[in-house]
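A quick write-up on the structure given underneath.
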Amino acid sequence: MTEPGERISLSDFAGQVVVVNIWGSWCGPCREEAPALQEVHDIARPSGVTVLGVAVRDDQQAAADFMRNWNLTYPSLFDQPGRTLAAFRGFPRNTIPSTLVLDRSHRVAAVFLTTVRASELLSVVQRVASEPA
């Protein structure tokens with residue numbers, strides 16, 4: 001979990017496929033999909049894929065506890081007011097959990113507006129990662 005004032009930018013992941021997961025510690029479906037996101041991160045990371053969590057409408061300590069309790073090792077930023085979502089035009093900001101798969105140029109390649117399963121997310125991520133940049 002990012003520290004207060006710490007910033008993460010997509011430019012930190014240049015040339016990588018980025019799986020952006022919007023979540024909250026209070027969200028039951030987010031708990032359900034957390035192991036799947038970690039699995040995708042672990043399997044796909046060697047192929048230049050990063051999962052990036054964005055905790056919204058949450059308490060910073062609760063979000064950090066969620067990451068720790070679920071043993072999530074991928075980066076996640078704390079964005080209580082949800083400002084990060086404003087960067088994704090046309091994206092329904094009230095759907096949590098939701099997951100976006102960004103290609104290596106950080107264009108939206110896929111959107112999941114429900115709980116994701118490792119198998120369905122991994123197949124999309126592997127397809128996007130195999131595409132030329």
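Model, not experiment: these values are computed from the prediction.
- Across Thr95 and Ser98, no two heavy atoms sit closer than the pair O-OG, 3.0 Å.
- Here the side chains of Val56 and Ile96 are in contact, with some heavy-atom distance below 4.5 Å.
- For the atom pair CG (Leu37) and CG (Leu121), the distance works out to 6.5 Å, reported to the nearest 0.5 Å.
- A side-chain donor-acceptor contact under 3.5 Å links Gln38 and Thr73.
- In this structure, the separation between CD on Gln16 and CG on Asp103 is 12.5 Å, given to the nearest 0.5 Å.
- Side-chain contact between Val17 and Thr50 is absent, with no heavy-atom pair separated by less than 4.5 Å.
- Not one N or O on the side chain of Asp58 forms a donor-acceptor pair closer than 3.5 Å with the backbone of Gly24.
- Across all their heavy atoms, Pro97 and Pro29 have their closest contact at CD-CB, 3.7 Å.
- For His106 (side chain) and Phe13 (main-chain N/O), a donor-acceptor pair under 3.5 Å exists by modelled atom type.
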For the pair Phe112 and Val101, evaluate side-chain contact (heavy atoms from CB on, under 4.5 Å) and give the outcome as yes or no after the intermediate values. CA-CA 8 Å; Phe112 296 86; Val101 178; 4.2 Å; yes
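- Panel note: side chain Asp12, backbone Ser9; a donor-acceptor pair is recorded below 3.5 Å.
- Atom CZ of Arg57 and atom CD1 of Ile22 lie 10.5 Å apart (nearest 0.5 Å).
- For Arg31, the CZ atom counts as densely surrounded, since its 6.0 Å shell holds more than 12 non-hydrogen atoms of other residues, nucleotides or ligands.
- Summarising the geometry, atom CH2 belonging to Trp70 is positioned 11.0 Å from atom SG belonging to Cys30; distances are rounded to the nearest 0.5 Å.
- Asp59 approaches Ala62 most closely through the heavy-atom pair OD2-N, 2.9 Å.
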Check step by step if side-chain contact (heavy atoms from CB on, under 4.5 Å) holds for Val18 and Leu10. CA-CA 8 Å; Val18 181; Leu10 282 177; 4.2 Å; yes
Would you check, one step at a time, whether the test side-chain contact (heavy atoms from CB on, under 4.5 Å) holds for Val19 with Val49? CA-CA 7 Å; Val19 178; Val49 176; 4.1 Å; yes
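- With values rounded to the nearest 0.5 angstrom, Glu33 atom CD is found 5.5 Å from Thr115 atom OG1.
- Nearest heavy-atom pair across Val51 and His41 is N-ND1, 3.3 Å.
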Go through it in stages, so that I can follow the logic: the residues are Ile8 and Leu52, the test is side-chain contact (heavy atoms from CB on, under 4.5 Å), and I'd like the CA-CA distance, side-chain angles, deciding distance and then a yes or no. CA-CA 10 Å; Ile8 294 177; Leu52 175 62; 4.2 Å; yes
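- How far CD of Glu39 is from CG of Leu122: 7.0 Å, rounded to the nearest 0.5 Å.
- Looking at Arg107, its side chain never comes within 3.5 Å of a backbone N or O of Leu102 through a donor-acceptor pair.
- Side-chain contact of Ser76 with Trp23: a donor-acceptor pair under 3.5 Å is present, judged by distance alone.
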